[in-house]
Amino acid sequence: MKNREKALSKIFNLYNALEKSKIVSSIRRGFTLLIPVFMVGAFALVIQNIPITAAREFIKSTLNGSVYALLELIYQSTFGMASIYILLTVSFNYSMSIKKGNTPVNVLSCLSSVISYIALIGVNVYGEEQTRVLVIKYLNVESVFTEIGRASCRE
């Protein structure tokens, strides 16, 4: 019984240490702020891929596919840009934990995080004209952990 209490005590102490961490609490608050955004994207995805074939075909053909295109736009605007949203919310919450009430500094912190992320992913050069483009695929959910690291490297 003593071993169990010691183990629980160590786990509780670890939990308390993580809870007091500015980085972990900023990540938690950042993801909490994004729940409504991700819910909208999830509903758009569910409606797009409804498991009833007739309903799915109706959505694809309604208004010459405009409804389906709108749902795709909503999905790409939420999950397709997830890393930017997470970067903004986590960096803002982290800067708030360091400098409370100094909104210009908090906004500049978010802005510098976005600029450094765009510099990190870079641009691709296409075609004979050497067109430079920011590839949007790097802004989706797959880049989330890069964003969390970027947002929390401010101390």
Side-chain angles (χ1 to χ4, degrees), residues 8 11-124 126 132-155:
L8 286 174
I11 291 172
F12 185 71
N13 290 340
L14 177 66
Y15 175 76
N16 281 337
L18 285 175
E19 190 65 29
K20 291 178 184 175
S21 169
K22 290 179 182 179
I23 293 173
V24 173
S25 63
S26 298
I27 292 170
R28 186 188 72 241
R29 283 192 305 264
F31 274 96
T32 304
L33 283 173
L34 288 174
I35 288 173
V37 174
F38 291 146
M39 290 299 291
V40 169
F43 282 126
L45 187 63
V46 165
I47 293 170
Q48 258 186 327
N49 298 303
I50 198 159
I52 303 167
T53 308
R56 193 169 50 244
E57 291 303 320
F58 176 74
I59 290 169
K60 285 183 180 178
S61 64
T62 303
L63 298 174
N64 293 330
S66 296
V67 173
Y68 188 81
L70 176 66
L71 292 170
E72 182 66 23
L73 177 69
I74 292 170
Y75 172 74
Q76 289 301 328
S77 298
T78 54
F79 285 100
M81 302 283 287
S83 64
I84 293 294
Y85 297 148
I86 291 169
L87 173 66
L88 289 171
T89 58
V90 171
S91 63
F92 184 78
N93 281 306
Y94 188 64
S95 66
M96 285 292 285
S97 69
I98 294 172
K99 289 248 186 207
K100 286 190 186 216
N102 198 345
T103 306
V105 170
N106 302 99
V107 171
L108 286 175
S109 172
C110 294
L111 185 62
S112 69
S113 296
V114 170
I115 290 171
S116 65
Y117 177 64
I118 290 173
L120 175 74
I121 63 173
V123 293
N124 288 353
Y126 292 106
R132 295 181 179 269
V133 230
L134 176 65
V135 181
I136 300 296
K137 74 177 184 178
Y138 297 126
L139 303 179
N140 63 12
V141 208
E142 295 172 6
S143 305
V144 166
F145 291 109
T146 306
E147 292 318 306
I148 292 172
R150 169 115 1 253
S152 61
C153 291
R154 297 278 169 214
E155 259 184 287

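Everything numeric here is computed off the predicted structure, so don't read it as measured data.
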Return the minimal non-hydrogen interatomic distance between Ser113 and Ser116, and the atom names on each side.
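So the minimum-distance heavy-atom pair works out to O-OG, 2.9 Å.
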
Check side-chain contact (heavy atoms from CB on, under 4.5 Å) between Glu72 and all other residues, then give those that pass, not counting sequence neighbours.
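For Glu72, the residues satisfying side-chain contact (heavy atoms from CB on, under 4.5 Å) (neighbours in sequence not counted) are Gln48, Tyr75, Gln76.
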
As an exercise, state the distance from [atom1] of [X] to [atom2] of [Y], rounded to the nearest 0.5 Å.
X: Cys110; Y: Ile84; atom1: SG; atom2: CD1; result: 11.0 Å
X: Leu111; Y: Phe92; atom1: CG; atom2: CZ; result: 13.0 Å
X: Ser97; Y: Asn106; atom1: OG; atom2: CG; result: 9.0 Å

What pairs of donor and acceptor atoms, side-chain ones from residues 25-35 against any protein atom, are under 3.5 angstrom apart with sequence neighbours left out?
unit_1, atom_1, unit_2, atom_2, d
Ser25, OG, Ser21, O, 3.0
Ser25, OG, Lys22, O, 3.2
Ser26, OG, Lys22, O, 2.7
Ser26, OG, Tyr94, N, 3.4
Arg28, NH1, Glu19, OE2, 2.9
Thr32, OG1, Arg28, O, 2.7

Check this for me: Asn13, atom CG, are more than 12 non-hydrogen atoms of other residues, nucleotides or ligands nearer than 6.0 Å?
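Counting neighbours around CG of Asn13, more than 12 heavy atoms of other residues, nucleotides or ligands fall under 6.0 Å, so yes.
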
Name all residues meeting the ring pair (Phe, Tyr, Trp, His ring centres under 6.0 Å) criterion together with Phe38; count only those two or more places apart in sequence or in a different chain, and write none if there are none.
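Phe38 satisfies ring pair (Phe, Tyr, Trp, His ring centres under 6.0 Å) with Phe79 only.
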
Output a table of donor-acceptor pairs, distance under 3.5 Å, between side-chain atoms of residues 54-63 and any protein atom two or more places apart or on a different chain; print 'none' if there are none.
unit_1, atom_1, unit_2, atom_2, d
Arg56, NH1, Ile50, O, 2.6
Ser61, OG, Glu57, O, 3.0
Ser61, OG, Phe58, O, 3.3
Thr62, OG1, Phe58, O, 2.4

